[in-house]
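Written out below as structure tokens is the structure these notes cover.
In this text, all values refer to a predicted model and were calculated from it rather than measured experimentally.
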Protein chains: 2
Amino acid sequence: MTLPSVAIQVNPSIYLKDPQSSDLGLKIIKGGIDLMETIGFEAFTFKKLGQEIVSTEASIYRYFESKHKLLLYLSSWYWAWMEYRLMFALANVDCAQERLKRSIRLISQEVKEDGNFQHVNEVNLHKVVVSESSKAYYNKEVDEDNEAGLYGAYKQLVSCVSDIILEIDPNYKYPHMLVSTVIEGAHNQKYFSEHLPRLTDILEGEDAITEFYLSMVLKALDLKE
Amino acid sequence: MTLPSVAIQVNPSIYLKDPQSSDLGLKIIKGGIDLMETIGFEAFTFKKLGQEIVSTEASIYRYFESKHKLLLYLSSWYWAWMEYRLMFALANVDCAQERLKRSIRLISQEVKEDGNFQHVNEVNLHKVVVSESSKAYYNKEVDEDNEAGLYGAYKQLVSCVSDIILEIDPNYKYPHMLVSTVIEGAHNQKYFSEHLPRLTDILEGEDAITEFYLSMVLKALDLKE
DNA sequence: GCATATATGATAGTAATACTATTATATTTG
DNA sequence: CAAATATAATAGTATTACTATCATATATGC
């Protein structure tokens, strides 16, 4: 069993047993991402995942009490990973406007493999987050899960970027709204570009989504360039 | 049986039998909206709906082949209804910028009852659309449904507002992205304000969501006011 | 090296879901 | 009044989303 050199921390209330603490746990994460990416959240079951990773339904249920909790885990891991990458992207960058631009780029751009975490295919995880993560909060358990702090990683990322906005303009009234609009919007536009292109405008050879949201944010804050 | 004086047209491929053509059909729509609003899409079943409207599971299946199609129907009805209201809001308004502002207000504001459709509680339908409608396209049937034209009403609304943007600035590169960002964003922010307030900024006594998106759009297009 | 604890596997069982099918009965229409 | 149609009533099926039990393999502490 190989533990990664850096470990992304996920709120322990999400799982019954830490999947980053065992071989089977790591296989559940890796296999869970790949299977969910392939067949989608609705068709995904622990029984199928058991077959995929050569284990059993019952064993997986010892790590997560439901597939909903597994989705929450994957989303949470993703947001914590994004924040970790954000810290790197902002390290030693002093200019607030430059910090903001780097943040918007990070949250709106395509994702690349990160060699630090062998048990996670980040490209597939990004696809899962784009296609499925809204189901982690668009359900009737949202208030209960929120009280248990299960959306903490997402809120923290939004808070980080909002703070940069407030550093630039302490009187701006809607920093969180602006940031969550960009994060959710970037996911939607990515999905639309692949499945409902009439709802977006994707131009060849350009990173249209990033360009759009970067410009939108700067203009919303009356900044140039 | 009372038919409404104006009928919202929904793509017939969504249903097996037109629910606007019979008493039971109207009860399915009305009861479906209210039950889905109460228990959420995941817990919603045709069996429970049958009990609610004093009919049976089997009878409801003669109108819709799945609850997914019923959700598509409700979403589609909602978008067609929004376009119908948009036509009224823009009637006899010539100034393109004023047309755009009215459009953004309409798609981002709270919804009120519309007396023209007795079989639909528009306030509840709006809640269903906010909480559940993204599940109508975030699933593995999306490409099939899209090819069958089942998202036509949504696309058409986006197209209408995009056309106003292009009238104001024919060179603007991202009209559809901007409009779908506002529509989806307004839904998200409404939901966040009720369940995940740290992801938004709601201020008392103001229509913060509309103010935010109106300002965002005008600035994105370099317009004043 | 052995007892013990722990992790996993194998198997079974349950209520509910998402349907399909059949038959009966009521209502409308020609 | 007969025939067509709509709805109700009932039953049945494979799958889902779990829970429970027991066996076995592996790791750990002494």
Heavy-atom contact window of chain B on DNA chain D, given 5' to 3' at under 4.0 Å | dA6(D) to dT10(D)

Evaluate the criterion ring pair (Phe, Tyr, Trp, His ring centres under 6.0 Å) for residue pair Tyr15(A) and Tyr63(A); output intermediate values, then yes/no.
-> CA-CA 6 Å; Tyr15(A) 49 77; Tyr63(A) 284 83; 8.8 Å; no

Examine Trp77(B) together with Phe117(B) and report whether their ring centres are nearer than 6.0 Å.
-> yes

Full working for side chain to side chain contact (heavy atoms under 4.5 Å, CB included) between Leu16(A) and Lys69(A) = CA-CA 10 Å; Leu16(A) 300 170; Lys69(A) 285 286 163 69; over 6 Å; no

Begin from the C-alpha positions of Asn116(B) and Tyr84(B) and carry the test side chain to side chain contact (heavy atoms under 4.5 Å, CB included) through to its verdict.
-> CA-CA 12 Å; Asn116(B) 290 313; Tyr84(B) 153 85; 3.3 Å; yes

NZ/NE/NH1/NH2 to OD/OE distance under 4.0 Å, Glu52(B) and Lys48(B) | no

Determine all donor-acceptor pairs shorter than 3.5 Å in which one atom belongs to a side chain in residues 35-44 of chain B; sequence neighbours excluded.
| residue | atom | partner | partner atom | Å |
| --- | --- | --- | --- | --- |
| Thr38(B) | OG1 | Asp34(B) | O | 2.8 |
| Glu42(B) | OE1 | Lys135(B) | NZ | 3.1 |
| Glu42(B) | OE2 | Lys135(B) | NZ | 3.2 |

Any side-chain donor-acceptor pair under 3.5 Å between Ser75(A) and Ser133(A)?
-> no

Reading nucleotides 7-23 of chain C from the 5' end, what letters show protein touch, with B for base, S for backbone sugar-phosphate only, - for no heavy atom under 4.0 Å?
-> SBBBB-----SBBBB--

